[in-house]
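What follows is a short report on a single structure.
Note that the structure is a prediction, hence the values are computed from the model and not measured.
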Amino acid sequence: MEEKQILLTPELSYRLGAIDVGSNSIRLIIAEPLREWNYRILDEEKSPVRLSKGLSVTGHLSPEGVQQALDALRRMKQIAIGFQVRELRVIATCAVREASDGAAFVARVKQELDLDVEVISAEREAHLAFTSVARSFQLDGKHVAVADTGGGSTEIILASGNVIEAICGSAN
């Protein structure tokens, strides 16, 4: 028996978009919330940008990476507009957080693309990674370690069931 897929028109749904500006790539996900805290993914995109290339030596974001990031963000914003996303959140992690010109990058994205970029802490990054795992796996009664390995940092989350006990992090 074939499973029927019902797509709601944008007027009837509340489409959400999220963009993750990472050290090596930028990712977009567009989703449509469903009943009982479920959701349907409508689109996923990824662009390699290498913002952190040379960061450990210069302390600055890669100029080529910044231009590629702006191009990717412009394209992803257009995709979100095409899907009639009602709310688009953009977060940035390690590279933008640690670069001396990270705030200038955020300001440039706002000025050129009218996107607000939220630079999140390593702890917030770890909480988001754990939330994703907890939504996908039954953790009740289990002791777990979750490793979020990114291009610029790694966070290790230790948990008992759905309760985070400790977060350890390091720059890559």
Side-chain angles (χ1 to χ4, degrees), residues 10-11 13-33 39-136 146-157 164 167-172:
E11 299 80 34
S13 67
Y14 192 87
R15 293 182 176 165
L16 306 169
I19 298 175
D20 176 1
V21 179
S23 297
N24 288 319
S25 64
I26 298 180
R27 295 174 179 267
L28 164 72
I29 187 167
I30 296 175
E32 199 170 68
Y39 58 90
R40 176 185 8 242
I41 295 173
L42 301 177
D43 193 23
E44 292 182 77
E45 302 285 332
K46 179 181 176 183
S47 290
V49 296
R50 305 244 358 210
L51 273 173
S52 65
K53 184 178 179 183
L55 177 63
S56 63
V57 175
T58 67
H60 299 287
L61 297 172
S62 158
E64 300 85 16
V66 167
Q67 190 54 57
Q68 290 173 348
L70 290 168
D71 293 344
L73 288 167
R74 186 174 289 108
R75 184 176 61 81
M76 289 176 181
K77 180 180 177 182
Q78 289 300 4
I79 291 169
I81 289 169
F83 273 97
Q84 297 179 325
V85 165
R86 292 192 190 179
E87 186 177 344
L88 179 63
R89 290 199 52 199
V90 183
I91 62 163
T93 56
C94 186
V96 177
R97 179 172 63 235
E98 293 182 1
S100 61
D101 57 347
F105 172 76
V106 169
R108 189 169 170 195
V109 171
K110 176 64 176 175
Q111 179 185 19
E112 293 184 24
L113 304 175
D114 195 29
L115 288 173
D116 294 311
V117 178
E118 177 187 357
V119 181
I120 63 171
S121 68
E123 184 173 325
R124 178 78 175 128
E125 190 174 351
H127 275 89
L128 291 172
F130 181 76
T131 300
S132 178
V133 169
R135 283 187 54 83
S136 301
V146 175
D148 177 24
T149 304
S153 66
T154 299
E155 291 78 32
I156 309 240
I157 304 102
I164 293 175
I167 297 171
C168 309
S170 68
N172 290 346

Of all residues at least two apart in sequence or in a different chain, which pass the side chain to side chain contact (heavy atoms under 4.5 Å, CB included) check with [X]?
| X | value |
| --- | --- |
| Glu87 | Tyr14, Leu16, Arg89 |
| Val146 | Phe130, Val133, Ile157 |
| Leu28 | Ile19, Ile30, Glu45, Met76, Ile79, Leu88 |
| Arg74 | Asp71, Glu112, Leu113 |

Roughly how far apart are [X] [atom1] and [Y] [atom2], rounded to 0.5 Å?
| X | Y | atom1 | atom2 | result |
| --- | --- | --- | --- | --- |
| Asp101 | Leu61 | CG | CG | 4.5 Å |
| Leu51 | Asn24 | CG | CG | 8.5 Å |
| Arg50 | Ser23 | CZ | OG | 10.5 Å |
| Leu42 | Phe83 | CG | CZ | 5.5 Å |

What's the shortest heavy-atom distance between Gly17 and Val85, and which atoms?
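Minimum heavy-atom separation between Gly17 and Val85: N-CG1, 3.5 Å.
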Might you point out which heavy atoms bring Val49 and Ala72 nearest each other, and give the distance in Å?
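Scanning both residues, the minimum pair turns out to be CG1-CB, 4.3 Å.
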Side chain to side chain donor-acceptor pair (under 3.5 Å) partners of [X], counting only residues at least two apart:
| X | value |
| --- | --- |
| Ser47 | Arg75 |
| Ser100 | His60 |
| Ser62 | Glu64 |

List for me each residue that meets salt bridge (charged side-chain N to carboxylate O under 4.0 Å, His left out) alongside Lys46, sequence neighbours excluded, and say none if there are none.
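Salt bridge (charged side-chain N to carboxylate O under 4.0 Å, His left out) list for Lys46, sorted by chain: empty.
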Given side chains that start at C-beta, do those of Asp116 and Lys110 come closer than 4.5 Å, heavy atoms only?
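Asp116 reaches Lys110 side chain to side chain.
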Are Leu73 and Val21 close enough that some pair of their side-chain heavy atoms sits under 4.5 Å apart?
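Side chain of Leu73 against side chain of Val21, heavy atoms only: contact under 4.5 Å found.
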What pairs of donor and acceptor atoms, side-chain ones from residues 122-129 against any protein atom, are under 3.5 angstrom apart with sequence neighbours left out?
{"from": "Glu125", "atom 1": "OE1", "to": "Arg97", "atom 2": "NH1", "distance (Å)": "3.2"}
{"from": "Glu125", "atom 1": "OE1", "to": "Arg97", "atom 2": "NH2", "distance (Å)": "3.3"}
{"from": "His127", "atom 1": "ND1", "to": "Glu123", "atom 2": "O", "distance (Å)": "3.0"}

For the pair Asp114 and Lys77, evaluate side-chain contact (heavy atoms from CB on, under 4.5 Å) and give the outcome as yes or no after the intermediate values.
CA-CA 10 Å; Asp114 195 29; Lys77 180 180 177 182; 4.0 Å; yes
